[in-house]
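Contents: one structure, followed by commentary.
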Number of protein chains: 2
Amino acid sequence: MPATPENPPTDSVAPAASSTRDRILDAFAELLGEHGERAATLDAVAAAAGVSKGGLLYHFGSKEALIAGVLQRLAELVARDVEAIRASPAGPVAQLIRSSMATGSALDKALVATSRLAQASNSTARDALRAANDAWYQIVLESTGDPVLSRAIMLISDGLAYGSAFLPESMTPETAELTSSDIDDLVDLITEVTAQRSGH
Amino acid sequence: MPATPENPPTDSVAPAASSTRDRILDAFAELLGEHGERAATLDAVAAAAGVSKGGLLYHFGSKEALIAGVLQRLAELVARDVEAIRASPAGPVAQLIRSSMATGSALDKALVATSRLAQASNSTARDALRAANDAWYQIVLESTGDPVLSRAIMLISDGLAYGSAFLPESMTPETAELTSSDIDDLVDLITEVTAQRSGH
DNA sequence: GTCTATAACTTGATAGAC
DNA sequence: GTCTATCAAGTTATAGAC
């Protein structure tokens, strides 16, 4: 993608002036997340992006190309997130847990969309999810130095991510939506356990 | 399960003499789990079950009826599982964690199949998953008496379930497939933390 | 109960006008 | 760059024979 002074900083993740290409990608990810893979047809994506099917296919020549676009976007967002977690003042683990629940960020949307593709038997999507998980696990392991605890932390993170992504609305009292104070409690628990295990 | 050789088990979940109806339901759940919702077409299900499409539609008049069949099967299996967990000598929490990873049991298959449907925007499937989660959470809460810890345990269980269900094969070294000894470590960790928190 | 044939519709993709 | 046909293949469901 040629970036000239006239065609400004074309960061492919979240351009200031959303290009048609990006709108299409947004619409595809959104449909995947909200209504599943089967609903994310070319027709539906085109309509949601405000273009015709022909217009969509000019930018992405096939559905495969559309999928590749989402996966590439995910890879970029994960790379950024990894840096953000590493640089977090609150500590990597707290930052990871707090950012696990899907809140509608670009990364969340890309992750959910990729999960849907992975479950539709797309092995490239599965690989992308694994790569992201590996990166996060590595950070946690470096931070705690404790493999068992690190796994437990990753599983909690996964549980938060999947739960918020897959069972979004109207939960029952028992597993009612986790409030931010619930997350605080969770982080405290993990912090305490981490201190106890490293202290000994 | 009161099943005598003379009176073979005729419950609707997994009859010894698999009826056509059950074979169809098995095939549908299997296809949903292995290849996603989009691949679980009537054609594919019929072929996998060894009947024609017409034959399938004699037993389940529509795709909706097929879905209802899977959800009913799940409800029955969850009810049984709840009883088994409550009666477990090792304690409910250890039993729950150990049974979280999908190992191919009938319950696992029904859960995975229902997850796929839930992600295809089927709200009935979502409700079924929530009901199951509520039941398990209730058991854990009764066992530990500690809401924060119970949530952490449920999240670990969710993480195990989703991970094993959605990223099944060929994992990388970092998050390599959890061995049963890894699970042992995890259960030990949880047991210790539970003891510490209740002891104080 | 199970099959084949077929109707009605959706989906991904191509061709070509503007 | 974006649009409107248009097509071939696939999908759910019905009808009726055996």
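Residue numbers start from 1 in every chain, and the chains themselves are labelled A, B, ... in the order their sequence lines are given, proteins ahead of strands. The shown structure was predicted, so the numbers you read here are calculated from the model rather than taken from an experiment.
- One atom, CG of A:Leu42, and another, P of C:dT11, lie 10 Å apart when rounded to the nearest Å.
- In this structure a side-chain-to-backbone donor-acceptor pair under 3.5 Å is missing from B:Asp185 to B:Asp182.
- Using modelled atom types, one finds a donor on one side chain and an acceptor on the other under 3.5 Å when comparing B:Asp108 with B:Thr103.
- At distances below 3.5 Å, at least one donor-acceptor pair connects side-chain atoms of B:Ser164 with backbone N or O atoms of B:Ala102.
- Closest approach of A:Glu34 and B:Ser121 over heavy atoms only: O-OG, 3.0 Å.
- Under a cut-off of 6.0 angstrom, the local environment of CD in B:Glu64 is sparse, with at most 12 non-hydrogen atoms contributed by other residues, nucleotides or ligands.
- On the nucleic acid side, DNA chain D has its first and last nucleotide under 4.0 Å of a heavy atom of chain B at D:dT11 to D:dT14, going 5' to 3'.
- Between B:Leu57 and A:Gly55, the residue anchored nearer the 5' end of DNA chain D, judged by the nucleotide with its closest heavy atom, is A:Gly55.
- As a whole-Å value, the separation of A:Lys53 NZ from C:dT10 P is 11 Å.
- Aromatic ring centres of B:Phe166 and A:Tyr162: separated by under 6.0 Å.
- Among the protein residues, A:Arg38 comes within range of the sugar-phosphate backbone only, with heavy atoms under 4.0 Å from sugar or phosphate atoms but none that close to a base.
- Nucleic acid contact class of A:Ser52 (heavy atoms, under 4.0 Å, all strands): base.
- Taking atom CG of residue A:Asp43 and atom P of nucleotide C:dC9, one finds them 16 Å apart after rounding to whole Å.
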